[in-house]
Amino acid sequence: MSDFNINSMIGRRINVNKGGPEAKAGQLLHSGYNYMVVGTNEGVVYYAARHLRSVGEALQNDNGEASETEGVFWDYHTPSCFSAIMDNLIGQNVQINRGGPESRQGTLMLSTYDYVALDTEKEGIVYFNTDHIKSVSVVQEQEEAAGDEGDAGGSRTGRGTGRGTGRGTGKGESPVTGRGTGRGTGRGTGRGTGRGESPVTGRGTGRGTGRGTGRGTGRGESPVTTGRGTGRGTGRGTGRGTGRATGGTGGFTTGRRQAGAAMELPLYREYGFNHLFDRLTNRRVKINRGGPDAIEGVLTQYADGHIVVLADNVLHRIMPDHIKSISAM
């Protein structure tokens with residue numbers, strides 16, 4: 001990315017934009033064809049170059065203190081272009097845009113050359129025009145939560161130990177018998193529940209039982225001679241396992257949708273963003289998430305380079321280039 005002579009600042013601390021929801025400070029990690037990667041205190045953020053207004057280089061940290069991102073190992077993608085970043089994030093919980101009305105969080109379900117599909121908690125599947133996406137990042141899960149509570153199940157495997165007894169036979173001038181004890185290990189599975197605050201995860205604990213086998217040796221004695229024997233025994237053990245749980249109340253979560261949330265909607269896979277309009281014809285849609293250009297109504301037609309939406313008994317003709325996102329209702 002040649003804008004701002006960005007390559008010369010790789011590895012340095014920068015300020016992305018001077019203000020607004022996309023403004024962020026962090027370490028410049030990579031400069032791609034039409035994007036850049038910044039490591040911030042909220043994780044790795046991928047910025048589209050076309051939406052950058054300014055990039056500032058911090059000559060000295062505030063108060064001379066060390067940066068929060070110094071010495072951090074960053075794991076990030078370096079594909080050929082900004083839209084290809086989405087291909088690497090499919091199936092992950094991501095945030096599109098840092099803030100503003102078009103900022104949404106959810107699971108990235110689909111990525112094409114000019115649009116992505118995001119499965120959100122309250123609005124279902126939302127289709128974003130890639131040209132209008134300013135930034136994208138993977139949501140960082142926190143280990144503990146406070147405040148609002150949510151319950152979900154998680155499972156892990158626990159290990160336990162068991163004890164068993166075995167019987168053996170001894171050899172001598174007269175047959176004798178000996179007893180032996182064996183020790184074995186068992187493996188069990190546990191299931192636990194967690195409590196967390198949206199959109200972070202909670203931790204849970206579970207108990208499980210397992211079976212194990214062990215071998216032991218025994219000694220037997222008689223008035224005549226002493227015999228030695230070997231025995232085999234089985235034992236039972238208990239194990240404990242820890243699980244991770246996701247969910248919560250309020251906002252957007254990574255758990256299951258709550259009652260009253262948006263109904264399940266089909267995921268449309270079209271060649272391009274404009275082809276979605278044919279699929280959504282005669283359906284009630286929401287165009288753009290907010291702001292003065294947001295509108296809800298029935299998409300009645302897509303022809304002659306524009307779409308027609310009927311809302312409040314008014315036919316609105318909208319140019320597709322100004323549609324940042326669209327979803328069925």
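Predicted model, so just to flag it, every value in this text is computed and none were measured.
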field: Side chain to side chain, Y115 and N129, heavy atoms closer than 4.5 Å
entry: no
message: For H51 and I133: C-alpha separation, side-chain torsions, deciding distance, then whether side-chain contact (heavy atoms from CB on, under 4.5 Å) applies.
response: CA-CA 8 Å; H51 294 291; I133 296 178; over 6 Å; no
Within-4.5 Å side-chain heavy-atom neighbours: Y33 and F82: no
message: Measuring from atom CD of Q92 to atom OG1 of T107, what distance do you get when rounded to the nearest 0.5 angstrom?
response: 10.0 Å
- prompt: Does the S103 side chain pair with the main chain of N97, one donor and one acceptor, at a distance under 3.5 Å?
  reply: yes
query: Is there a donor-acceptor pair under 3.5 Å between the side chain of Y35 and the backbone N or O of P79?
result: yes
query: Should N41 and K24 count as side-chain neighbours, where that means a heavy-atom distance under 4.5 Å?
result: yes
statement: Here the pair of heavy atoms bringing G100 nearest to P21 is N-CB, 4.0 Å
pair L29-V38: side-chain heavy atoms closer than 4.5 Å: no
field: I307 side chain near I287 side chain, heavy-atom distance below 4.5 Å
entry: yes
message: By the definition side-chain contact (heavy atoms from CB on, under 4.5 Å), identify the one residue from E22, K134, M36 that meets it with L52.
response: M36
- prompt: Taking R104 for the side chain and V126 for the main chain, is one N or O donor matched with an acceptor at less than 3.5 Å?
  reply: no
Under 3.5 Å: donor-acceptor pair, side chain of N88, backbone of H77: no
message: I need the S111 OG to I90 CD1 distance, nearest 0.5 Å.
response: 5.0 Å
message: Show, in sequence, the C-alpha distance, side-chain angles and deciding distance for Y47 and V37, and conclude whether the side-chain contact (heavy atoms from CB on, under 4.5 Å) test is met.
response: CA-CA 6 Å; Y47 285 95; V37 187; over 6 Å; no
- prompt: Would L299 and V308 satisfy side-chain contact (heavy atoms from CB on, under 4.5 Å), going step by step from the backbone distance to the final call?
  reply: CA-CA 6 Å; L299 197 163; V308 180; over 6 Å; no
field: Distance in Å, L28 CG paired with R12 CZ, rounded so as to fall on 0.5 Å steps
entry: 10.0 Å
message: Closer than 3.5 angstrom, by distance alone: can the side chain of E57 be matched with the main-chain N or O of V55 as a donor-acceptor pair?
response: no
Whether N17 side chain and S54 backbone form a donor-acceptor pair below 3.5 Å: yes
Polar contact flag, side-chain donor to acceptor under 3.5 angstrom, N7-S31: yes
query: Ion pair present between E42 and R98, side-chain N to carboxylate O less than 4.0 angstrom?
result: yes
query: Any luck finding a side-chain donor-acceptor pair between T130 and D114 under 3.5 Å?
result: no
CD1 on I96 to CG on L118, rounded to 0.5 Å: 4.5 Å
Ring centres under 6.0 angstrom apart (Y271, Y113): yes
Derivation of the side-chain contact (heavy atoms from CB on, under 4.5 Å) call for Y127 and Y268: CA-CA 9 Å; Y127 302 92; Y268 297 125; 3.5 Å; yes
message: Using 0.5 Å steps for rounding, measure from the OG atom of S137 to the OH atom of Y46.
response: 9.5 Å
Could you tabulate the donor-acceptor pairs under 3.5 Å formed by side-chain atoms of residues 314-329, not counting sequence neighbours?
unit_1	atom_1	unit_2	atom_2	d
S325	OG	E102	OE1	2.9
S325	OG	R289	NE	2.8
S327	OG	R289	NH1	3.0
S327	OG	R289	NH2	3.3

statement: All heavy atoms of R50 vs all of D131, minimum pair found to be NH1-OD1, 3.2 Å
- prompt: Counting N and O atoms only, with roles assigned by atom type, does the side chain of E123 sit under 3.5 Å from a partner on the main chain of I125, one being a donor and the other an acceptor?
  reply: no
task: Flag the pair R279 / T281 as yes when at least one side-chain heavy-atom distance between them is below 4.5 Å, and no otherwise.
output: no
